[in-house]
Protein chains: 2
Amino acid sequence: MELPKYLQIAEEIKEKIRNGNLKPGDSIPSENSLCATYNVSRMTVRKSLFLLSTEGYIASIAGKGSFVKEPDSEKYLLYYNELVNLISRIDRTRLLEVKIVLPPPEVMNSLHLSSNRKIILVKRLFYSNSEKVAYDLKYLIYYKGMPVVEKEIQYGTFPEMVSKYTSLFAIQKELTISAQLPDDEIARQLSLYNHQPLLVVEQKLFNYQKEPIGLGITYYRGDYCKLYARSPFSALE
Amino acid sequence: MELPKYLQIAEEIKEKIRNGNLKPGDSIPSENSLCATYNVSRMTVRKSLFLLSTEGYIASIAGKGSFVKEPDSEKYLLYYNELVNLISRIDRTRLLEVKIVLPPPEVMNSLHLSSNRKIILVKRLFYSNSEKVAYDLKYLIYYKGMPVVEKEIQYGTFPEMVSKYTSLFAIQKELTISAQLPDDEIARQLSLYNHQPLLVVEQKLFNYQKEPIGLGITYYRGDYCKLYARSPFSALE
DNA sequence: CAGTGGTCTAGACCACGTG
DNA sequence: ACGTGGTCTAGACCACTGA
């Protein structure tokens with residue numbers, strides 16, 4: 001026996017779905033009938049079907065049956081690391097500023113802060129091959145045990161900053177990606193003409209209670225940043 | 001009994017991982033010892049662990065044990081639909097051109113085409129509230145049964161175009177995202193000054209044999225496109 | 001060698017949806 | 001009432017790891 005039975009069964013069904021033999025909305029044979037067809041126990045069949053459902057091929061409904069799903073054609077797996085992208089790799093960072101501030105109103109709003117709550121602002125420049133490629137802002141809500149030592153702040157990504165005092169498994173993240181022109185400060189910091197395009201990635205972090213704990217905005221020179229995403233195909237990666 | 005046992009067990013372990021009680025690299029108690037602790041059969045424990053592994057919390061190694069994983073802090077779930085984003089929704093498209101062409105060398109290269117292979121080129125404009133918001137190019141390798149009827153090409157996204165003759169379950173996709181300035185043609189088509197930034201999304205489609213079957217490039221006005229991504233947290237969504 | 005996870009079985013009871 | 005999937009058990013044998 002080469003492959004385990006449950007994988008053979010799963011592959012046979014997947015193949016029928018991929019080649020159009022089974023279409024979205026169609027029903028899969030019942031678990032008991034699959035047991036009979038393949039001469040295996042029900043737990044083995046169920047393992048196959050569970051695999052197919054985690055991979056997005058099917059969905060099961062108690063009392064009714066299992067059905068081929070509409071594929072999630074809008075979902076992609078995006079790889080994002082502040083310091084590495086398809087074009088450049090940040091090999092040096094410069095810490096411009098770390099201070100406690102009253103954040104600008106947009107940030108206050110975005111982080112659900114009361115009007116007089118001060119937070120930590122970190123400004124950094126990212127370099128690649130001695131070229132300035134990005135300007136980076138972080139607004140962090142202060143918690144006890146947080147890294148305020150420059151060494152800890154200067155290097156590393158936003159998730160790494162908070163991982164010192166919280167498990168990353170408890171952190172939720174949201175990104176928004178857009179193209180903008182630099183304002184005066186950014187143009188100055190990056191030594192840009194103000195009509196060069198920027199790729200702007202806004203990163204928002206939440207704790208497990210879904211309360212916002214930080215906001216990061218990275219302004220990349222357009223010619224130094226390209227992001228990559230791909231279709232998941234097997235949700236387990 | 002409120003939650004099924006396997007979910008209770010999984011939640012207890014997840015909680016220990018989230019609150020730092022169990023850290024990346026730590027080993028989970030063996031399946032047999034978990035059976036004893038929770039007074040359940042081994043299959044039930046295994047179901048819990050399988051759940052944790054599909055959600056990225058742990059990994060199991062035959063003969064050794066199960067271990068807390070390093071979290072995938074670089075992976076995000078990106079939602080991308082050519083016609084809908086955080087800022088605008090395309091409510092009208094205009095088909096500028098459909099023709100059979102020898103593609104430009106970059107495209108030929110990207111699609112692994114022989115030097116004299118002709119393909120279909122589709123040019124479209126996307127509108128939102130009667131405003132031109134994006135210029136869209138598709139290069140499609142021709143296959144029998146493919147939609148060449150204008151009605152089918154004019155509307156819909158790239159995946160939808162190919163879904164007429166292939167199951168989307170057999171399609172793999174890759175995206176790259178960047179910020180650029182418009183070249184003359186794009187500036188003309190979108191009636192832009194040529195220093196307005198564009199968000200450029202390049203979409204490459206592959207068949208199940210990983211052979212490229214199409215390339216799409218969408219140039220969005222920067223002020224009309226913002227993309228959204230978030231941390232997966234439970235890979236099954 | 002003993003302990004680990006990986007596969008598999010042949011039952012069982014349940015809640016659900018449909019006739 | 002019947003068939004569906006959802007949960008669970010108490011075994012079994014295997015391949016792998018490490019002492």
Side-chain angles (χ1 to χ4, degrees), chain A residues 1-17 22-70 234-237, chain B residues 1-17 22-70 234-237:
Chain A
M1 190 199 310
E2 200 47 79
L3 279 177
K5 295 181 187 176
Y6 78 95
L7 277 181
Q8 288 179 36
I9 299 171
E11 279 307 323
E12 284 197 29
I13 299 174
K14 274 194 229 177
E15 185 49 33
K16 285 181 186 161
I17 294 175
L22 283 170
K23 290 185 175 34
D26 288 358
S27 76
I28 302 286
S30 80
E31 296 180 355
N32 283 319
S33 79
L34 287 171
C35 293
T37 336
Y38 292 102
N39 247 293
V40 295
S41 79
R42 201 176 143 219
M43 285 305 267
T44 300
V45 164
R46 282 184 61 71
K47 203 165 174 181
S48 308
L49 297 187
F50 186 61
L51 194 62
L52 293 179
S53 74
T54 66
E55 293 182 353
Y57 285 86
I58 69 168
S60 300
I61 304 175
K64 297 189 71 174
S66 297
F67 303 87
V68 179
K69 282 217 304 184
E70 215 53 64
S234 88
L236 341 87
E237 6 162 18
Chain B
M1 189 200 312
E2 198 47 78
L3 278 177
K5 294 180 187 176
Y6 78 95
L7 277 181
Q8 289 179 37
I9 299 171
E11 279 307 322
E12 284 196 29
I13 299 174
K14 274 194 231 179
E15 186 48 34
K16 284 180 186 162
I17 293 175
L22 283 171
K23 291 185 175 30
D26 289 357
S27 76
I28 302 287
S30 80
E31 297 179 355
N32 283 320
S33 80
L34 287 172
C35 293
T37 324
Y38 292 102
N39 246 294
V40 296
S41 78
R42 201 175 144 221
M43 284 305 268
T44 301
V45 164
R46 283 185 60 72
K47 202 165 174 179
S48 308
L49 297 187
F50 186 61
L51 194 62
L52 293 179
S53 75
T54 66
E55 293 182 353
Y57 285 86
I58 68 168
S60 299
I61 303 176
K64 298 189 71 174
S66 296
F67 302 87
V68 179
K69 281 217 305 183
E70 215 53 62
S234 87
L236 342 86
E237 2 163 19

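For the numbers below, each heavy atom of this structure counts, side chains included, while hydrogens, waters and symmetry mates do not. Proteins get letters first, then strands, A, B, ... in listed order; numbering begins at 1 in each.
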Choosing from dG5(C), dT7(D), dT4(D), which nucleotide comes nearest the side chain of Asn32(A)? dT4(D)
Quick one: what's the B/S/- string for nucleotides 14-19 of chain C, heavy-atom cutoff under 4.0 Å, read 5' to 3'? --BSS-
Could you tell me whether the phosphate oxygens of dT7(C), OP1 or OP2, come under 4.0 Å of any side-chain nitrogen or oxygen in Lys47(A)? yes
What about Phe50(A) and Tyr6(A), are their ring centers closer than 6.0 Å? no
First of Tyr6(A) and Ser33(B) reached from the 5' end of DNA chain C, by closest nucleotide: Ser33(B)
In whole angstrom, give the distance that lies between atom CG of Leu51(B) and atom P of dT7(D). 10 Å
What are the two closest heavy atoms between Val40(B) and Lys5(B), and how far apart are they? CG1-CD, 3.5 Å
What are the two closest heavy atoms between Pro29(B) and Leu34(B), and how far apart are they? O-CD1, 3.6 Å
Strand-adjacent residues in residues 34-46 of chain A, judged by heavy atoms under 4.0 Å from DNA chain D: Arg42(A), Met43(A), Arg46(A)
Rounded to whole Å, CG of Leu7(B) lies from P of dT7(D) at a distance of 7 Å
Would you please confirm or rule out a distance under 4.0 Å between OP1 or OP2 of dT7(C) and any side-chain N or O of Lys5(A)? no
With each end axis built from five pairs of C1' atoms, what bend angle do you get for the helix from dC1(C)-dG18(D) to dT18(C)-dA1(D)? Round to 10°. 10°
Ignoring backbone atoms, establish whether Ser30(A) has a side-chain N or O less than 4.0 Å from OP1 or OP2 of dT4(D). yes
